[in-house]
Amino acid sequence: MRTTVGIIGAGPAGLLLARLLHTAGIESVVLESRDREYVERRQRAGVLEQGTVDVLRAAGAGARMDREGLRHDGIELRFARRRYRVDFPALTGGKSVMVYAQTEVCKDLIALQVKEGGPLVFGAEALAVRGVDGERPHVVFRHEGREDVLECDYVVGCDGFWGVARKAVPAELVRVYERTYPFGWLGILADVPPSHDELVYAHHDRGFALLSMRSPAVSRLYLQVPEGTDADAWDDDEIWRELERRFETGDGWRLERGPVTQKSVTPMRSHVQEPMRYGRLFLAGDAAHIVPPTGAKGLNLAVGDVVTLARALTHQRETGSAELLDSYSETCLRRVWQAERFSYDMTTLLHRAPDATAFEDRLQLARLERIATSRAAATDLAEAYTGFPFE
Ligand code: RFL
Ligand code: PHB
């Protein structure tokens, strides 16, 4: 098989890149190791920045999002049994976010690609990326039990944290910046209307909790749990009781319970691999960087990367100039590090570390109090949460 751009991975990064290239008249092939049903059901992100929403609309993938997505003009911070609302439009000059699940973004992009785009091959596992330091890059992959080769002009690794693409960069050229956190998130999906109409980020002595949603009828909730926790160690009743404790307020607010339909634990880490390019190989999304989910930034960063890359490939095709491809890594990393900073800040603001001292506990409350009482501090949070503009 031969194409112009070989894309590994059909998560949001790979799928959106294929769509953007298709609209620019550039051929691509997407290789995805899992099957379609798995990709469409994998529970992950829920919050889209304004910039992401605009990109999906411009790519022709916004119709269902505009019908079914929920526009959110703020979030609630809950601490010391009190509630504080961060009002996004008032603090940012009119910006907001959209709650629309990653599963739905992927379904919409897959449907478009299957209908109008180039090949999207499910069950095709990339085994190795070769030749990216020369003129003839190729991806070796296995499909239906046979090995095959995809030859291309460029390879893009959109294959997430566990993928093979980033391993094709020689170790002596790679710089990794990393931090793991001594806790994870136990996430549930429940068939019950969300108990609040905006997301609630709760700080509590027993640990962090988050109330989010997938639709007016489905809640998504998370609990901070110790690193390495087995999701099955928690029964549903225990989960609801713990959520009730951590969300409790002094004003009689109630958490509605409902049947739990999914349950899983996510580890938390920050990770950046630099540079995001080696020869004719480009890394995008989680393949290059991971943020802890507290800032809701992972998917939005993936979108920023592939918008930058699609623009650079289009520029190269139209003008013959590689200048935007040459600056790809640097351009993306500026945005990536802002998201890393914000995600780290949100994580350390809201979670209780197992070895936290009483001094650190008080500092957290002081930081929260500062956001609740200073417009400048609240604006800083609102600007980062709603997203920095694409360059
Ligand atoms: P993905 O989605 O991991 O997709 C990678 C794809 O590559 C495939 N693959 C391979 N295919 C072929 N050959 C191989 N050798 C392959 N190896 C892997 C995989 O099967 C997969 O389909 O990466 P991508 O596209 O970069 O997208 C990144 C986002 O998925 C991720 O950053 C977000 O989900 C992070 N995230 C959130 N981001 C937000 O912007 N807002 C949020 O509210 C938010 N909440 C979250 C999150 C992530 C979470 N988890 C589970 C980590 C909440 C959670 C709980
Ligand atoms: C989610 O709905 O899954 C979600 C929302 C906000 C976050 C993380 C996850 O910060």
Side-chain angles (χ1 to χ4, degrees), residues 1-40 42 106 109-110 112-174 273 275-288 302 305-306 308-310 312-314 316-317 320 322 325-326 328-329 332:
M1 230 192 320
R2 208 201 129 74
T3 189
T4 307
V5 182
I7 300 173
I8 310 175
L15 290 167
L16 180 61
L17 178 62
R19 177 67 188 169
L20 295 173
L21 294 177
H22 172 76
T23 52
I26 299 174
E27 264 185 19
S28 72
V29 170
V30 184
L31 304 175
E32 166 58 50
S33 57
R34 303 291 191 147
D35 62 28
R36 178 171 177 173
E37 199 202 332
Y38 182 91
V39 171
E40 291 186 342
R42 189 169 39 194
C106 288
L109 288 168
I110 289 171
L112 276 173
Q113 188 67 13
V114 167
K115 192 160 142 236
E116 302 170 3
L120 163 54
V121 192
F122 289 100
E125 185 192 1
L127 304 172
V129 174
R130 304 232 167 91
V132 287
D133 52 348
E135 296 293 306
R136 309 197 47 157
H138 54 279
V139 182
V140 181
F141 66 99
R142 190 189 302 121
H143 182 51
E144 294 173 347
R146 278 207 320 274
E147 269 193 29
D148 205 341
V149 173
L150 174 64
E151 294 172 16
C152 33
D153 297 339
Y154 302 97
V155 177
V156 186
C158 298
D159 48 352
F161 186 67
W162 302 105
V164 293
R166 65 194 176 93
K167 295 174 189 137
V169 186
E172 64 274 18
L173 300 180
V174 171
Q273 171 165 329
M276 289 170 59
R277 176 211 184 160
Y278 171 62
R280 288 173 172 265
L281 169 67
F282 295 83
L283 302 176
D286 279 16
D305 291 351
V306 299
T308 305
L309 186 55
L313 288 165
T314 309
Q316 147 83 29
R317 148 90 45 122
L325 289 172
D326 291 340
Y328 168 76
S329 179
C332 291

- Task: Check the pair Cys106 / Leu15 against side chain to side chain contact (heavy atoms under 4.5 Å, CB included), numbers first and verdict last.
- Result: CA-CA 7 Å; Cys106 288; Leu15 290 167; 4.1 Å; yes
Review point. Step by step, would you call Phe282 with Leu325 a side chain to side chain contact (heavy atoms under 4.5 Å, CB included)?
Key: CA-CA 9 Å; Phe282 295 83; Leu325 289 172; 3.8 Å; yes
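Thr314 and Ala24 get closest at one heavy-atom pair: OG1-CB, 3.7 Å. Pairing each heavy atom of Ala126 with each of Val139, the nearest pair is CB-CG1, 3.8 Å. Of all non-hydrogen atoms in Gly14 and Val30, the two that sit nearest each other are O-CG2, 4.4 Å. The minimum heavy-atom distance linking Val155 with Pro137 is given by the pair CG2-CB, 3.9 Å. Summarising the geometry of Leu150 relative to Gly6, their closest heavy-atom pair is CD2-CA, 3.9 Å, with the distance given to 0.1 Å. Across all their heavy atoms, Pro12 and Leu109 have their closest contact at O-CD1, 4.4 Å.
Between the side chain of Asp159 and the backbone N or O of Val164 there is at least one donor-acceptor pair closer than 3.5 Å. The main-chain N or O of Phe141 is never found under 3.5 Å from a side-chain atom of Glu147 such that the two would form a donor-acceptor pair. Between the side chain of Arg166 and the main chain of Phe161, a donor-acceptor pair closer than 3.5 Å is present. Judged by distance alone, the side chain of Tyr278 and the main-chain N or O of Leu283 form no donor-acceptor pair under 3.5 Å. With Asp305 contributing its side chain and Gly285 its backbone, the two residues share a donor-acceptor pair below 3.5 Å.
By the 4.5 Å heavy-atom criterion applied to side chains, Ile110 and Phe122 are counted as neighbours. Arg280 is not listed as a side-chain neighbour of Arg136, based on a closest heavy-atom distance of 4.5 Å or more. Residues Asp326 and Arg277 meet the side-chain proximity criterion, which asks for heavy atoms closer than 4.5 Å.
Ser28 contributes atom OG, which lies 5.5 Å from atom CG of Leu21 (distance to the nearest 0.5 angstrom). Here the CG atom belonging to Leu313 is positioned 7.0 Å from the CG atom belonging to Leu17, to the nearest 0.5 angstrom. For the atom pair NE2 (His22) and CD (Glu27), the distance works out to 11.0 Å, reported to the nearest 0.5 Å. Separation of atoms CD (Glu125) and NE2 (His143) is listed at 12.5 Å; rounding is to 0.5 Å. The distance from atom CZ of Arg142 to atom CG of Asp148, rounded to the nearest 0.5 Å, is 12.5 Å. Note that the CG atom of Leu112 and the CG atom of Leu120 stand 11.5 Å from one another [nearest 0.5 Å].
Counting heavy atoms of neighbouring residues, nucleotides and ligands inside a 6.0 Å radius, atom CZ of Arg130 does not exceed 12 of them.
Of the residues Asp153, Val29, Ile26, the one that meets the side chain to side chain contact (heavy atoms under 4.5 Å, CB included) test with Thr3 is Val29.
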